[in-house]
Amino acid sequence: MADEKTPIVQVKHLKQYFNIGKANEVKAVDDISFDIYKGETFGLVGESGSGKSTTGRSIIRLYNPTSGQILFEGDDISKIKNRSPRMKQFRQQMQMIFQDPYASLNPRMKVKDIIAEGLDINNLSKNDDERTQRVEELLNMVHLNPEHMSRYPYEFSGGQRQRIGIARALAVDPQFIIADEPISALDVSIQAQVVNLLQDIQKQRNLTYMFIAHDLSMVKYISDRIAVMYSGKIVELASADEIYNNPLHPYTQSLLSAIPVPDPEVEKTRERIDFDHKKHFSDDQRLQEVQPGHFLYCSDEQAKKY
Amino acid sequence: MEKILDVKNLNVDFSTYNGTVHAIRGVDFHLNSGETLAIVGESGSGKSVTVRTVLQLMAKNAKITQGEIRYHDEDLLKKSEKQMDDIRGNKISMIFQDPMTSLDPTMTIGKQVAEPLLIHNKVSKADALKRAEEVLRLVGIPNPKARMKDYPHQFSGGQRQRIVIAIAIVNYPEILIADEPTTALDVTVQAQIIDLLKELQQKIGTSIIFITHDLGVVAGIADRVAVMYAGKLVEYGNVDEIFYDPQHPYTWGLLDSMPTLDTDDQNRLNSIPGTPPNLLNPPKGDAFAPRNAYAMEIDEEEQPPFFKVSKTHYAATWLLHPDAPKVEPPKSIQQRFEKYQQMLGGSVK
Amino acid sequence: MEQVPKIPKEKFKLLHKKDNQAQESLGTPSLTYLQDVRRRLFSNKVATVCLILLGIMVLISVFAPVVAPHNPNTQRVEYSNLPPKIGNLDIPGFNGMQNMDGKSVDAYKAVNAPKDTYYILGTDYLGRDLLSRIIYGTRLSLIVAVLATLVDLIIGLPYGIVSGWKGGKVDTFLQRIIEIVSSVPNLVVVILMMIILKPGLVSIVIAIALTDWVTMARLIRAQTFQLKEQEYILAARTLGESSTKIATKHLIPNLSSTIIIQTMFTIPNAIFFEAFLSFIGIGIPAPNASLGTLLSDGQKAFRFLPYQMWAPALILSIIMIATNLLGDGLRDAFDPQSSD
Ligand SMILES: Nc1ncnc2c1ncn2[C@@H]1O[C@H](COP(=O)(O)OP(=O)(O)OP(=O)(O)O)[C@@H](O)[C@H]1O
Ligand SMILES: Nc1ncnc2c1ncn2[C@@H]1O[C@H](COP(=O)(O)OP(=O)(O)OP(=O)(O)O)[C@@H](O)[C@H]1O
Ligand SMILES: [Mg+2]
Ligand SMILES: [Mg+2]
């Protein structure tokens with residue numbers, strides 16, 4: 001999948017601070033760099049408050065980055081203005097799927113109008129019939145009954161709503177989709193439905209995903225490469241198998257040791273690794289490639305060990 | 001082993017604007033002294049309602065239409081509100097689903113932890129605060145003496161959940177009911193809380209009812225497991241029996257749809273199609289039938305009774321009826337069966 | 001549990017469900033959101049009746065010069081304080097009879113009114129036709145109410161949305177203005193207006209306009225703050241929806257309950273405020289009538305001539321109750337989740 005290795009998104013020294021200059025300044029994202037390749041699924045994991053959502057929202061330009069560059073297909077989009085033609089184009093190329101199936105759909109709009117929002121903004125359908133037809137296609141694509149397009153969101157279950165959100169994102173035919181914890185709020189039995197759907201659509205349309213989550217077994221399953229975030233920084237980045245089989249950063253190790261496994265025998269023998277923030281961070285560290293394709297946040301000296 | 005809590009044929013209805021919701025439809029379970037019972041099931045399957053009914057902390061529109069809740073040979077449903085006050089937070093206490101809202105933001109945590117003691121035990125204030133400090137240390141709040149004067153917002157999410165637990169156990173209850181105490185937390189914090197609960201159980205011998213929908217957590221904490229679907233139990237048994245010898249197709253589906261770290265990325269995930277039924281009009285037959293790949297005609301007509309699998313293991317599925325055809329469970333379940341055979345073989349030797 | 005029920009063998013055949021994804025189709029008609037709102041509103045009988053009642057009142061007010069039987073300000077002192085009378089029909093209470101010293105007297109005969117002269121709701125102490133005065137008074141009160149609502153919607157609503165949506169410095173600045181405006185009591189504003197302009201409708205409306213939108217703006221701002229973090233708003237932004245479109249498509253429909261509830265307060269407030277001003281004598285100047293002046297006059301004569309107060313009080317109550325019930329109905333109508 002990611003063999004060709006052409007980057008679609010390149011993040012360079014991205015910083016996203018909030019309340020700059022005030023007492024409550026937050027360095028939500030603090031100097032991170034990474035590439036996402038065309039056609040791959042890039043997983044982003046980390047503890048709550050580590051800056052995962054902020055990273056996603058900066059890339060899709062819901063925020064104005066404090067500093068750094070975001071290249072989309074080689075083109076810096078970190079500074080384009082809100083109502084510019086370039087922004088309009090960009091809004092069709094990159095889309096987002098949200099976490100909360102209840103808050104992500106306007107309760108006072110019909111499913112049809114929710115899904116068609118992107119079509120309407122960009123005048124992608126010539127007339128009403130074409131609009132209806134597009135919505136029908138999209139509903140079919142996410143395995144929902146097209147007859148349901150005149151219903152309201154509250155008439156659907158969590159998993160169905162999440163699929164409506166996916167259809168809305170797909171309507172503008174994007175190349176890159178950021179999914180911010182798209183299954184965290186769903187039941188186990190429904191999660192698999194949505195993940196399968198996302199993967200099918202990825203194949204059909206050759207999409208690239210950034211998949212934000214805290215359920216590590218699901219991220220491992222869906223991602224080609226995974227970045228682990230801790231307090232605004234990426235501490236480790238490698239292929240999914242590498243991260244799981246050969247975790248180098250103590251935080252990654254701690255995270256992996258805490259994943260609950262639905263197998264009592266495994267749980268009985270589990271040993272947890274604690275992570276001490278103070279012991280493992282110092283100022284001379286940066287993200288560097290310590291093994292081919294395996295990046296670690298460490299000092300130059302530590303890097304030599306590998 | 002003594003049955004410390006025994007719930008029999010519990011039925012709970014909610015009257016709503018749209019009609020009567022039959023949220024709990026005949027639930028039987030018991031809790032042995034000193035054990036951890038996990039209740040798992042989908043959102044809306046009735047886990048919270050079931051345990052809230054035990055403490056009679058129900059919404060105003062709730063009505064218990066039938067049932068019995070035996071606690072040490074007394075029926076809790078026959079107790080007066082005053083008698084219940086004496087039991088709640090004292091002999092049986094509860095940790096609620098939403099950790100962030102169960103603390104009072106205007107009160108120091110020392111006072112909040114000491115409060116149940118003052119209400120129930122009539123100890124002196126100084127003694128209560130001393131005990132609060134002890135318990136806060138027990139749940140792993142560093143430097144509890146100083147931090148007792150802090151307010152909830154000065155603690156992290158994980159710490160706040162520890163404080164909630166401290167409040168629940170300060171009276172050393174016989175039964176601790178934890179309603180999804182870790183769902184809102186990170187995996188690392190979750191792991192710490194689970195370790196904490198296990199440790200507490202050993203130290204003070206509390207029996208625990210642990211509600212969750214995460215089977216991974218269940219495997220780590222439970223002695224016995226009850227699986228709920230649409231207001232009914234569908235299967236219950238020892239933790240090994242549920243994880244290695246599951247019999248109900250819903251349990252199969254739950255176990256089968258979770259990827260593990262060794263799930264092959266090339267395969268599709270197995271999922272349970274469809275969505276749970278609407279409890280306004282529960283189906284006549286087995287509520288799981290519409291989503292069940294192994295459904296039979298009888299499933300649509302009649303609700304299955306519990307069939308005995310072992311002395312401790314029961315499942316409500318017609319597949320266990322002698323006349324039912326032999327079906328082939330999903331592959332990952334068959335692997336679990338195999339593992340079970342090996343384990344049993346091992347234990348015989 | 002231990003007993004296995006007897007069941008025919010053929011019931012144990014696997015159904016091999018495949019297409020269990022299929023869902024029942026409801027066959028709901030395909031209406032737009034606004035059509036749905038209208039349908040839900042009209043399926044609510046109480047709200048419909050209130051709407052009709054208010055509609056009739058508005059119509060009568062608009063066509064007051066045609067509908068009113070007399071000129072509301074013409075005084076005929078000889079016909080003062082006549083009781084209600086409808087034609088020559090002998091309906092108790094509407095037959096021109098009056099209690100005087102324990103005896104029932106025909107008040108019209110007592111003042112030698114011609115046979116075809118009658119006042120449906122009687123006359124006041126200056127002999128002015130009460131019905132006509134009520135029609136004109138209602139008209140005036142409704143104008144005040146409508147203007148106050150318009151000000152709420154035209155100033156308060158956008159002000160609140162902008163303040164909440166922009167946040168930051170813009171919000172701080174706009175909130176300072178609100179604080180200044182709301183720190184001046186209403187009555188002071190009115191009195192100032194009276195000094196600058198001449199007493200009357202214009203100054204009352206300007207006084208209401210200057211102060212009334214503040215509550216609406218505050219409520220809307222607070223709600224907008226909450227709404228703008230909702231993921232569906234973020235989704236609209238990632239699709240490139242403009243701020244104005246987000247306001248009309250997403251914010252206003254979801255603010256509608258707040259808007260309606262606040263309007264339900266604004267309307268009676270404005271009417272009562274005008275009535276209060278007239279009552280204390282700085283409202284609508286004589287001889288013009290408003291519901292407020294009518295009540296004030298009626299109250300003076302209430303002990304002996306109760307009908308002079310009943311009629312305007314009844315109209316005022318109907319307006320209040322009808323707007324409230326209609327408001328409730330509208331709020332439900334805008335909420336798809338309220339079952340219909
Ligand atoms: N608009 C904002 N203003 C101020 N601080 C913010 C804002 N958005 C996020 N933050 C802060 O930035 C940090 C990172 O938040 P973010 O939402 O990116 O975390 P996350 O990794 O997505 O966590 P979660 O797993 O809980 O969703 C947090 O400390 C958060 O409180
Ligand atoms: N006060 C209430 N009024 C009406 N229905 C209710 C009420 N409380 C619960 N229900 C219904 O009862 C059913 C069971 O709810 P319950 O909260 O026990 O689910 P749960 O298994 O705890 O789910 P979750 O995992 O989401 O917490 C649901 O269908 C719910 O909608
Ligand atoms: Mg997040
Ligand atoms: Mg619950």
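This is a predicted model, so every value here is computed, not measured. Order of the sequence lines fixes the chain letters, A, B, ..., with proteins taken first and strands second; residue numbering starts at 1 for each chain.
The aromatic rings of C/Phe12 and B/His321 lie parallel to each other, their planes meeting at an angle below 30°, with 60° marking the opposite boundary.
Interatomic distance, CG of B/Leu319 versus CG of C/Leu14, reported as 7.0 Å (0.5 Å rounding).
In this structure the side chain of C/Lys11 reaches within 4.5 angstrom of the side chain of B/Glu301, judged on heavy atoms.
Within 6.0 Å of CZ in C/Phe173 there are 12 or fewer heavy atoms belonging to other residues, nucleotides or ligands. More than 12 heavy-atom neighbours from other residues, nucleotides or ligands sit within 6.0 angstrom of CD on C/Glu179. When the shell of 6.0 Å around NZ of C/Lys166 is examined, it contains 12 or fewer heavy atoms from other residues, nucleotides or ligands.
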